[in-house]
Amino acid sequence: MLRYNTNSTVKSWCSWLPYCLILLFVSGLFENAVAETHFHNFVVQGESVKRLCNTHNIITVNGQYPGPTLELRNGDTLVVKVQNKAKYNVTIHWHGVRQMRTAWADGPEFVTQCPIRPGGSYTYRFTIQGQEGTLWWHAHSSWLRATVYGALIIHPKEGSSYPFPTIPKHEATILLGEWWNANPIDVINQAKKTGAAPNISDAYTINGQPGDLYSCSSQDTVIIPVNSSETSLLRVINSALNQQLFFTIANHNLTVVAVDASYTKPFTTSVIMLGPGQTTDVLLTADQSPSRYYIAARAYASAQNAPFDNTTTTAILQYTNTSTSLKPLLPNLPAYNDTPTATAFTTRLRSPAKAPVPATVDESLFFTVGLGLNPCPKGQTCQGPNGTRFTASMNNHSFVLPSTFSILQAHYQGVNSVFTTDFPAAPPLQFDYTGNVSRALWSPVTGTKLYKLQYGSSVQIVLQGTSIFTAENHPIHLHGYDFYVVGEGFGNFNAKTDTAKFNLVDPPMRNTVGVPVGGWAVIRFVADNPGVWLMHCHLDVHITWGLATAFLVENGVGELQTLESPPLDLPQC
């Protein structure tokens, strides 16, 4: 990085130095070359690891589980060459990165690129523009992200600082994950074959380790050191595949300062809730008696009668000069189905100042999100409820990924028959979404349907959960965009009464929103990024079943509003 801000001094020298023109030129180079370009190599490969008393061969990046943490600053460029030495197809998604005009680097398989085949490679190139905070990266092929993931930390620009009430002296990243005593690819393939729900995980993890409450795990429990009276910034990421999680630290309060790499008005809480894909930055002050305290996470399970992993992962917050023989104190965690606590957390989130929320809406959309059941095909035996197959949908359309072309490539090259742009703006049939739904609506149609948006249009989406089969909290992630969460509630959304309750002043900005169990959430954004952008439930079992759609955002006017040309090394199908 080049940084030299003494142009005024150089100008004063020019009154008597003969080489003033050269000095001015060099000083201009130093002033304008502040941003860095970071180069990384990701080798996707198998690696043997031991967890829960068993050794498994898992897919990793560079042999690390979790994968490497990438750190850069707002304005920097990231160049990551991914080499696939594993036996599965792979892509990498940079979760939450806006990817302005660089949709080719977004990563979802068969949406913005064809997969990187075994033995192949692809280089992701993109610039961070106007973002800082905690994001992450993960595989976006099948269930590879169970072990292929890592943190992406965006620091403020050089010379800038965090807008926090207390500037932290230390930072720590906490990646919450899920572990199976099986190959996750085999788990989901078996479920797809039978039509049943996949087997639940055997453990949750913190930075890849289950913690003291599991067999054969205490020797590797993660320890986070702190000094008395000092404040640390904890970057918490829910990397779990299929589970919302409560997170807390025994005897300590957490001051929430950011979510999804967007700053918030600070507030203090004893527990936070994160859906898969979401991040939360908290300040922790070491203000308790020097000792050892458990950091803990366990499920927020909102779906009635659905099986879930009810174990608890732990790490240890350890004060300096504390004996490691001390038994850590275990915190009180909310009940697994404690929706009031989850709601109390999400509804306290606010932007730190008046937010530029679109005041008027060009595109008013209403998307139902939920599960479904399909009849078992003739001649097959299915293991879903009553011999059916599980499915999922938005607006009664279950999304199907293409297999011979990526959607973005088909759009760019004008290839027909890969997708259509007739995804409905509202449910084809209105019904009592959270009540007793007719069985005639439980089986969605399938297809690769997109919704087209004009560049610069302001968009509002009502995300309405349904009670088909069961109601549950759905973490909905939109690629390529941040959005404002202007409202949420329970039951069926009522435009006449609920619109008046919208927060159009300081709503939180996110890239993944939890649609409340048996309820709704409303988001707004401006379609200022051309390309094809996937919108899906971040419970990976649900996107496997089809709970997704995508937006095709058209080019605007001029180069800065136009999708870049595809890279020369873009994988082919």
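The figures here come from the full heavy-atom set of this structure, side chains too, leaving out hydrogens, waters and symmetry mates. Start at 1 with the first residue, then count along the sequence.
Note that CD1 of Ile461 is 8.0 Å distant from CE of Met394, once rounded to the nearest 0.5 Å. The CZ atom of Arg298 sits 15.0 Å away from the CD atom of Gln244 when rounded to the nearest 0.5 Å. In this structure, the separation between CD1 on Ile272 and CG on Leu254 is 6.0 Å, given to the nearest 0.5 Å. A distance of 10.0 Å separates CG of Asp220 from NZ of Lys50, quoted to the nearest 0.5 Å. Separation of atoms CG (Leu317) and CG (Leu329) is listed at 11.5 Å; rounding is to 0.5 Å. Rounding to the nearest 0.5 Å places CG of Leu152 at 5.5 Å from CD1 of Ile128.
Annotation: His536 is in aromatic contact with His479 [ring centroid separation under 6.0 Å]. Between Tyr319 and Tyr293, the ring centre distance stays below 6.0 Å. You'll find the ring centres of Trp143 and Tyr88 outside the 6.0 Å limit. Taking the centre of each ring, Trp520 and Tyr433 stay at or above the 6.0 Å mark. Separation of the Trp179 and His56 ring centroids falls under the 6.0 Å cut-off.
In plain terms, the two heavy atoms of Leu547 and Ala392 that are nearest each other are CB-CB, 3.7 Å. Taking every heavy atom of both residues into account, Ile188 and Ser142 meet most closely at CG2-OG, 3.8 Å. Closest of all the heavy-atom pairs between Ile295 and Ile224 is CD1-CD1, 3.8 Å. For the pair Ala86 and Ile59, the tightest heavy-atom approach, listed with the atom from each and the gap, is CB-CD1, 4.0 Å. Listed here is the closest heavy atom pair of Leu534 and Ala548: CD1-CB, 4.3 Å. For Thr313 against Pro210, the heavy-atom pair with the smallest separation is OG1-O, 2.8 Å.
Considering only residues two or more places apart in sequence or on other chains, Pro331 meets the side-chain contact (heavy atoms from CB on, under 4.5 Å) condition with Thr248, Ala250, Tyr294, Ala296. Judged as a side-chain contact (heavy atoms from CB on, under 4.5 Å), and not counting sequence neighbours, the contacts of Thr69 are Glu71, Ala151, Ile153.
For the residue pair Thr127/Thr77, the side-chain donor-acceptor check at 3.5 Å is satisfied. With 3.5 Å as the limit, one finds no donor-acceptor pair spanning the side chains of Asp212 and Thr314. Counting only N and O atoms by type, the side chains of Thr512 and His477 include a donor and acceptor under 3.5 Å apart. No side-chain donor-acceptor contact under 3.5 Å links Thr434 and Ser467. A side-chain donor from one of Ser325 and Ser323 sits under 3.5 Å from a side-chain acceptor of the other. Counted by atom type alone, Glu47 and Thr60 present zero donor-acceptor pairs between their side chains at under 3.5 Å.
Checking side-chain atoms of Asn253 against main-chain N and O of Thr268 turns up no donor-acceptor pair under 3.5 Å. Under the 3.5 Å distance criterion, the side-chain polar atoms of Tyr204 are matched with a main-chain donor or acceptor of Asp309. Remark: the backbone N or O of Arg98 is not paired with any side-chain donor or acceptor of Asp482 at under 3.5 angstrom. Side chain of Ser141 to main chain of Thr91: a donor-acceptor pair is present (N/O by atom type, distance under 3.5 Å, no hydrogens or angles). Between the side chain of Arg145 and the backbone N or O of Ala240, at least one donor-acceptor pair lies under 3.5 Å. Checked by atom type and distance alone, the side chain of Asn62 pairs as donor or acceptor with a backbone atom of Val43 at under 3.5 Å. For the pair Asn337 (side chain) and Ala301 (backbone), a donor-acceptor distance under 3.5 Å is absent. Side chain of Asp260 to backbone of Gln278: no donor-acceptor contact under 3.5 angstrom is found. Counting only distance, with no hydrogens or angles, the side chain of Glu178 and the backbone of Leu241 share a donor-acceptor pair below 3.5 Å. For the pair Asn57 (side chain) and Asn183 (backbone), a donor-acceptor distance under 3.5 Å is absent.
In this pair, Tyr263 and Phe164 present their aromatic rings perpendicular. The plane angle is above 60°, beyond the 30 to 60° band. By the 30° and 60° cut-offs, the orientation of the rings of Phe126 relative to Trp94 is tilted.
Few gaps surround NZ on Lys265; more than 12 heavy atoms of other groups in view lie less than 6.0 Å from it. Taking a 6.0 Å sphere around CG of Asn310, one finds it holds more than 12 heavy atoms contributed by other residues, nucleotides or ligands.
Looking at Trp533 and Val111, their side chains never come closer than 4.5 Å, going by heavy atoms from C-beta outward.
Under the side chain to side chain contact (heavy atoms under 4.5 Å, CB included) rule, Tyr300 has a single partner from Val271, Leu333, Thr339, which is Thr339. A side chain to side chain contact (heavy atoms under 4.5 Å, CB included) with Thr343 is found for exactly one of Met273, Arg348, Glu488, namely Glu488. Each of His93, His140, His138 was checked for a ring pair (Phe, Tyr, Trp, His ring centres under 6.0 Å) with His538, and the lone residue meeting it is His138. Looking at Phe390, Phe469, Phe399 one by one, the single match for ring pair (Phe, Tyr, Trp, His ring centres under 6.0 Å) with Trp545 turns out to be Phe390.
A salt bridge does not link Arg73 to Glu36: none of the charged side-chain nitrogens sits closer than 4.0 Å to a carboxylate oxygen.
Annotation: cation-pi pair Arg524/Phe483 absent, no NZ/CZ under 6.0 Å from the ring centroid and within 45° of its normal.
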Derivation of the side-chain contact (heavy atoms from CB on, under 4.5 Å) call for Leu326 and Gln318: CA-CA 10 Å; Leu326 283 174; Gln318 182 167 300; over 6 Å; no
